[in-house]
Amino acid sequence: MAVLAASCAALTALAGCGIRTTTVPVDDGPAPSRVACAPPKAPATPGPDAMAEKIYLVCNTQVTPVSRSVEVRDGRIERFNEVRLLLAQLQISPRTAESKAGFSTAVPGTLEVFATGQGDHKDALLLNDRPQDLPSFALAQIVCTLAADPLISPGGSVVLGGPGPDSKLRSYTCTPDLRTRSDAADSAGTPVS
């Protein structure tokens, strides 16, 4: 009798879990993840030909800073070389510890950056793709990484543009929306005149 009562209680508990069946497919987004997005610890002191850099990687539908030890040839780095170095770091696959912690990258390996070097916006950076055409988290990774570097962006914002005369320059900052919303790239940045 006790076994029958326990079986009935278990069946009732399973039947009343609150999820209704449906005959049509439902897309409620990605399944929740238990990954904590805790960035792996960077080496306490980088080697003599390396420096600690902060880049932003994707984890659990947001971008999060991760410290990396990055090799530098002559110990001194200029602004545009720093931009290229950070972009290259965003394009490579996450390191083993980063991958295990749930980090990935959305920045395409084909993306290139060029300095304008002229006019009122000589510090603007041109990409070979229009920023608004990039995947949203790729744009967030680029903006947050570049805007956090005082050599590249002393004021905390970065001016980006794309190829061709129809691509207008926009000033971007690493806002909470850009870091956490998958559609934020559509309205990110302010036009630069």
Side-chain angles (χ1 to χ4, degrees), residues 37-59 62-95 97-98 101 103-132 134-162 167 169-181 184-185 188-192:
C37 294
K41 296 203 186 271
T45 54
D49 295 329
M51 59 192 291
E53 292 286 358
K54 179 167 60 170
I55 65 167
Y56 280 74
L57 296 176
V58 181
C59 189
Q62 63 183 357
V63 295
T64 304
V66 172
S67 291
R68 280 190 181 167
S69 177
V70 179
E71 187 175 334
V72 180
R73 292 208 173 107
D74 61 5
R76 181 173 137 310
I77 195 160
E78 295 177 358
R79 180 182 184 270
F80 186 66
N81 289 334
E82 175 85 351
V83 170
R84 293 178 71 194
L85 179 136
L86 291 175
L87 181 62
Q89 287 296 312
L90 293 173
Q91 291 172 314
I92 62 174
S93 297
R95 296 175 177 170
E98 294 165 350
F103 289 93
S104 64
T105 186
V107 178
T110 56
L111 191 67
E112 296 179 40
V113 63
F114 308 94
T116 59
Q118 60 185 349
D120 293 337
H121 305 292
K122 64 179 185 289
D123 290 336
L125 301 168
L126 299 180
L127 304 174
N128 62 333
D129 285 327
R130 295 182 334 151
Q132 62 269 31
L134 292 171
S136 188
F137 285 129
L139 180 62
Q141 285 182 261
I142 294 164
V143 168
C144 292
T145 298
L146 298 181
D149 189 304
L151 177 64
I152 297 169
S153 175
S157 64
V158 61
V159 177
L160 298 175
S167 180
L169 294 177
R170 296 180 74 83
S171 176
Y172 296 90
T173 57
C174 185
T175 63
D177 274 353
L178 190 62
R179 288 193 309 267
T180 60
R181 284 187 33 230
T190 56
V192 174

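Just so it is clear, the structure is predicted and the values come from calculations on it, not from any experiment. Index from 1, following the sequence.
Nearest approach of F80 to A115, heavy atoms of both residues: CE1-N, 3.4 Å. Minimum interatomic distance between S136 and A184 (heavy atoms only, all atoms of both residues): OG-N, 3.6 Å. Considering all non-hydrogen atoms of both residues, S153 and V158 come closest at OG-N, 4.2 Å. Listed here is the closest heavy atom pair of L90 and I142: CD1-CA, 3.9 Å. Closest of all the heavy-atom pairs between A188 and L178 is CB-CD1, 3.9 Å. Counting all heavy atoms, side chain and backbone alike, F103 lies closest to T64 at CE2-CB, 3.8 Å.
Applying the side-chain contact (heavy atoms from CB on, under 4.5 Å) rule to T173 yields the partners S157, T175; only residues at least two apart in sequence or on another chain are considered. By the side chain to side chain donor-acceptor pair (under 3.5 Å) test, T105 is found to be paired with Q141, residues two or more places apart in sequence or in another chain being considered. In terms of the side chain to side chain donor-acceptor pair (under 3.5 Å) criterion, residue partners of E98 (sequence neighbours excluded) are, by chain and number, R68. A search for salt bridge (Lys or Arg N to Asp or Glu O under 4.0 Å) contacts involving D177 returns R181, not counting sequence neighbours. Take P65 and apply the side-chain contact (heavy atoms from CB on, under 4.5 Å) test, not counting sequence neighbours, and it matches K54, Y56.
Rounding to the nearest 0.5 angstrom, the gap separating the CD atom in Q91 from the CD atom in E112 is 8.5 Å. Interatomic distance, E82 CD to L151 CG, rounded to the nearest 0.5 Å: 5.5 Å. Note that the SG atom of C144 and the CG atom of D149 stand 13.0 Å from one another [nearest 0.5 Å]. Atom CG of L134 and atom CG of L139 lie 6.0 Å apart (nearest 0.5 Å). Here the CD1-CG distance, from I55 to L86, works out to 8.0 Å after rounding to the nearest 0.5 Å.
At least one side-chain heavy atom of L169 sits less than 4.5 Å from a side-chain heavy atom of L126. With contacts defined as side-chain heavy-atom distances shorter than 4.5 Å, the pair R179/C174 qualifies. No side-chain heavy atom of R170 sits less than 4.5 Å from a side-chain heavy atom of L160. With contacts defined as side-chain heavy-atom distances shorter than 4.5 Å, the pair L87/L111 qualifies. Side-chain contact between L85 and V70: present, with at least one pair of heavy atoms (C-beta onward) separated by less than 4.5 Å. A 4.5 Å side-chain heavy-atom check between F114 and L125 finds every atom pair outside the cut-off.
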*Please walk me through it: do T190 and S171 pass side chain to side chain contact (heavy atoms under 4.5 Å, CB included)?*
CA-CA 5 Å; T190 56; S171 176; 3.9 Å; yes
*Could you please spell out the steps behind the side chain to side chain contact (heavy atoms under 4.5 Å, CB included) verdict for V66 and R95?*
CA-CA 11 Å; V66 172; R95 296 175 177 170; over 6 Å; no
